[in-house]
Amino acid sequence: MIKKADIILLILIVAAGLIISFGPLAKEAGGTDVRVTLDDDTYGIYSLAEDRTITIEKDGHTNVIVIEDGTVRMESSTCKNQICVEHGKISLKGDSIVCLPNRVVVEIEGEGGEADVISG
Amino acid sequence: MSSQAKTPRNSDRRTKLLAISAMFAALALIFSYVEVLIPIPVPVPGIKLGLANLVIIIALYRMGFRYAFTINMVRIVAAGLLFSGVFGMIYSFAGGILSIIVMYLLYRTDKFSMVGVSMAGGVCHNLGQLLTACVLLENTGILSYFSVLLFSGLISGILIGILAYVIEKRLPPFTE
């Protein structure tokens, strides 16, 4: 049922797949900037490479965002459900942490903007 | 398969192949429909089992490239109008045409089994769709998505190839 040429073809396709997966795209996968959005307005854009802590205060709500070692996490939030804090670290382009009660969104962007297209 | 008879017998054979083609196209359409009904629980669009390709491969082996190609085109147009819309049809055309041409070329070398042919077909189908997406959306970043689609096409292609091999062996000859 399976011939020798099939195996060779399989190996070739898998090799091509691995090269594509771990080749130039590995560099592109990580984002470069962190965009923080508050109430639909951009609060600030920060570099992912620089470690820093961002504290956002609005209407008595406080969100603390920490950028560390190329990852971003929501350190603490005064919201009820704490979904954003439990989300953990993000580091890839297109990833985001959303704190819906406080209307804070943390997104990671690459150089080419937020383009993240899904083909049908 | 190889009926060397004169005109009346030959037209008999053609009629028979025509009827079988129509049945195959209908079957391929049903398979497309079944796939729409049963989504694979993977959170990535574009991953499909490609059941319709089962029919196309068997058509390719039993009736040749022209019949298989036509059946595939009929299926894509019908399935496009019924399920995925005209825009989805463009993707299907790109994937379908690329995969059937590659499958035919591999088939003609006679070095590959059905599993290998189907495997390459599955990968090429996804590649064709992805390239179309790049052109339509004017964004080459989508190509990063290819590695996922490559392996999914590989796996589904192998599965369909094994299935096609088993079924093709059990089918009676189409024309005597």
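First the proteins, then the strands, lettered A, B, ... as listed; each starts at 1. When reading the values below, keep in mind they use all heavy atoms of this one structure, side chains included, and skip hydrogens, waters and symmetry mates. These numbers come from a predicted model, not from an experiment.
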Tell me the closest heavy-atom pair linking A:G17 and B:S147, and the distance in Å. O-CB, 4.1 Å

Within the supplied structure, the quantity of interest is the number of heavy atoms (other residues, nucleotides, ligands) at a distance under 6.0 Å from A:L100 CG; does it exceed 12? no

Can you get from B:L149 to B:I155 by hopping between Ile, Leu, Val, Met, Phe, Trp and Tyr side chains that sit under 4.5 Å apart? yes

Applying the 4.5 Å side-chain criterion to the ILVMFWY set and letting contacts propagate, would B:Y61 and B:V55 be lumped into a single cluster? yes

Quick one: do B:L29 and B:F31 end up in the same hydrophobic cluster if we chain Ile, Leu, Val, Met, Phe, Trp and Tyr together by side-chain heavy atoms under 4.5 Å apart? yes

Working to the nearest 0.5 angstrom, can you tell me the gap between B:M114 CE and A:I2 CD1? 13.5 Å

Can you name the closest pair of heavy atoms from B:K111 and A:K3 and give their distance? O-CD, 3.3 Å

Among the clusters formed by ILVMFWY side chains lying less than 4.5 Å apart, do B:L82 and B:L27 turn up in the same one? yes

Against chain A, work out which of B:S113, B:S84, B:G116 has the most heavy-atom pairs shorter than 4.5 Å and name it. B:S113

Do B:L18 and B:F69 belong to the same hydrophobic cluster, where Ile, Leu, Val, Met, Phe, Trp and Tyr are linked whenever their side-chain heavy atoms lie under 4.5 Å apart, directly or via other members? no

Please examine the side chains of A:L10 and B:I158, heavy atoms only from C-beta on, and report whether any two atoms are closer than 4.5 Å. yes

So do B:F151 and A:I13 actually touch side chain to side chain, heavy atoms under 4.5 Å? no

For the backbone of B:F112 and the side chain of A:D6, can you confirm whether one donor and one acceptor N or O come within less than 3.5 Å of each other? no

Around B:Y33, counting heavy atoms of other residues, nucleotides and ligands shown, do more than 12 lie under 6.0 Å from its OH? no

Between chain A and each of B:L154, B:T132, B:L136, count heavy-atom pairs under 4.5 Å; write down the option with the most. B:L154

Do A:L9 and B:L106 touch side chain to side chain, with heavy atoms closer than 4.5 Å? yes

